[in-house]
Participant: 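Take a look at this one; I'll ask things after.
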There are 2 protein chains.
Amino acid sequence: MRYSADHKEQTRRAVLDSSAALAKENGFAPMGVDGLMKAVGLTGGAFYSHFASKDDLFQAVVERELTRSLALLGGDESLSKEKIKRCVRGYLSLSHVQDPAGGCVIPALGSEIARAEGPARLSAEHWLCELHRAWGEVLGDEDLAWGAIAQCVGALMVARMMATPERQQRVVDASYQLLCQQVDALTAAD
Amino acid sequence: MRYSADHKEQTRRAVLDSSAALAKENGFAPMGVDGLMKAVGLTGGAFYSHFASKDDLFQAVVERELTRSLALLGGDESLSKEKIKRCVRGYLSLSHVQDPAGGCVIPALGSEIARAEGPARLSAEHWLCELHRAWGEVLGDEDLAWGAIAQCVGALMVARMMATPERQQRVVDASYQLLCQQVDALTAAD
DNA sequence: GTCTATACGATGATAGAC
DNA sequence: GTCTATCATCGTATAGAC
């Protein structure tokens with residue numbers, strides 16, 4: 001073949017990376033196959049050597065993103081309350097608010113995922129439940145585990161609707177303080 | 001004129017109502033002007049007698065929705081902790097999770113609003129700050145006011161990503177319990 | 001595997017008849 | 001104000017040359 005053995009895999013990975021960032025930035029639906037491939041230096045026609053359809057890409061993007069986020073937030077075996085607090089601190093940060101392309105997929109594409117009825121939604125459900133299980137084990141409180149996840153997702157969405165950095169910071173800080181209080185209250189009760 | 005005086009206003013209202021529901025259900029971007037007008041029994045061409053552009057409609061939809069939600073959640077002068085809890089109970093309900101078309105615009109179109117740079121985003125910011133002010137006054141805790149808003153938004157988004165009603169219910173119930181605990185803790189400290 | 005060219009439908013928006 | 005007809009553009013996806 002005219003192309004090296006792993007060239008295809010590398011290209012597919014590049015398309016996936018670029019598409020994920022673009023989708024989180026501007027939404028998945030308005031993203032065109034043409035512009036998507038141009039972003040990695042190729043033309044639209046080459047897309048279908050790597051993905052069966054745009055829907056196929058959506059599923060791949062969601063799975064890639066969720067796997068990455070899970071590894072970042074709860075994949076580690078040595079999870080502890082302190083580590084969760086550190087993860088949440090990073091999640092509820094101004095830099096995360098202002099960098100949707102590099103951040104978590106849930107606040108960016110959550111509603112699109114919720115509307116999807118295919119495997120993308122099932123992946124999201126599975127990942128969220130997995131994170132809930134991990135956090136619930138450490139926190140010892142299943143309600144708080146769901147509440148913390150919802151708090152993080154909601155705070156980021158609300159902060160991103162704010163126009164000024166000051167207000168964005170205000171929202172994520174408030175959520176972080178609340179979460180810390182709740183986690184610390186549990187610790188005190190141990 | 002061939003049409004009664006308030007006919008235009010009525011039609012505009014109908015388009016607005018229908019578009020808001022459709023946008024919350026399937027997203028605003030993928031909604032076509034043609035299908036949008038067909039939903040109220042008209043053809044696509046008539047759209048531009050009521051809105052300058054699709055962007056103009058987006059702005060109108062967001063403002064309409066936010067005004068309505070604000071009235072429902074914090075517009076009343078007789079706001080109290082108990083009333084906030086009742087509002088939150090309705091917000092964090094299975095019926096709300098399963099009826100995006102009739103529910104709050106923030107979890108449904110939040111990311112699209114956040115990406116908008118025009119008046120729609122400013123409207124959202126203003127409305128969220130207004131709700132925060134109202135809840136903050138009653139709760140006497142500004143952090144908790146932001147946290148409660150974020151909790152509601154996030155829980156609804158997370159619940160909508162769940163595939164089964166049981167898991168959806170689980171998520172919103174957990175968030176409701178947490179919020180009640182926090183509000184009651186404040187009341188006890190009064 | 002990637003390119004160019006193309007088929008085909010849907011989109012946002014406008015013009016003119018009624 | 002609403003309709004039909006139309007334009008220009010862009011969308012996804014495919015076919016064939018290299």
Participant: Less than 6.0 angstrom from the centroid, inside 45 degrees of the normal: does A:Lys85 satisfy that with respect to the ring of A:Tyr176?
Facilitator: no
Participant: Quick one: does B:Met162's side chain get under 4.5 Å of B:Val97's, heavy atoms only?
Facilitator: no
Participant: Output the rounded distance in Å from CG (B:Asp55) to P (C:dT11).
Facilitator: 17 Å
Participant: Does D:dT2 have OP1 or OP2 under 4.0 Å away from a side-chain N or O of B:Ser49?
Facilitator: no
Participant: Within a strict 4.5 Å, meaning less than it, do heavy atoms of the B:Asp143 and A:Arg170 side chains meet?
Facilitator: yes
Participant: Are B:Lys54 and B:Phe28 in a cation-pi setup, meaning NZ or CZ lies under 6.0 angstrom from the ring centre and within 45 degrees of the ring axis?
Facilitator: yes
Participant: Measure from the side-chain heavy atoms of B:His50 and tell me the nearest of C:dC3, C:dG1, D:dG1.
Facilitator: D:dG1
Participant: Kindly write out the residues that satisfy salt bridge (Lys or Arg N to Asp or Glu O under 4.0 Å) with A:Glu112, not counting sequence neighbours, or none if the list is empty.
Facilitator: none
Participant: Quick one: A:Lys38 NZ to C:dT4 P, roughly how many Å, whole number?
Facilitator: 11 Å
Participant: Which whole-number value in Å describes the distance from A:Lys8 NZ to C:dT2 C1'?
Facilitator: 12 Å
Participant: Nearest whole angstrom, please: distance from the P of D:dG1 to the CE of B:Met37.
Facilitator: 11 Å
Participant: For B:Leu36 and C:dA13, give me the distance from atom CG to atom P, rounded to whole Å.
Facilitator: 12 Å
Participant: Give a yes/no on whether any side-chain N or O of A:Thr11 is located under 4.0 angstrom from OP1 or OP2 of C:dG1.
Facilitator: no
Participant: Rounded to the nearest Å, what distance is computed from the CZ atom of residue B:Phe47 to the P atom of nucleotide C:dA15?
Facilitator: 16 Å
Participant: Distance check needed: C:dT2 P versus A:Phe51 CZ, whole Å only.
Facilitator: 11 Å
Participant: What is the distance, rounded to the nearest whole Å, between atom CZ of B:Arg12 and atom P of D:dT2?
Facilitator: 13 Å
Participant: Less than 4.5 Å apart, side chain to side chain, heavy atoms only: is that true for B:Cys152 and B:Leu179?
Facilitator: yes
Participant: Taking only side-chain nitrogens and oxygens of B:Thr43, does any of them come within less than 4.0 Å of OP1 or OP2 of D:dT2?
Facilitator: no
Participant: State, yes or no, whether a side-chain contact exists between B:Ile84 and B:Ser80 at a heavy-atom distance under 4.5 Å.
Facilitator: no
Participant: Restricting to nitrogen or oxygen on both sides, can you table the protein-nucleotides 5-12 of chain D pairs closer than 3.5 Å?
Facilitator:
unit_1: D:dT12; atom_1: OP1; unit_2: A:Met31; atom_2: O; d: 3.2
unit_1: D:dT12; atom_1: OP1; unit_2: A:Lys54; atom_2: NZ; d: 2.9
unit_1: D:dT12; atom_1: OP2; unit_2: A:Val33; atom_2: N; d: 2.8

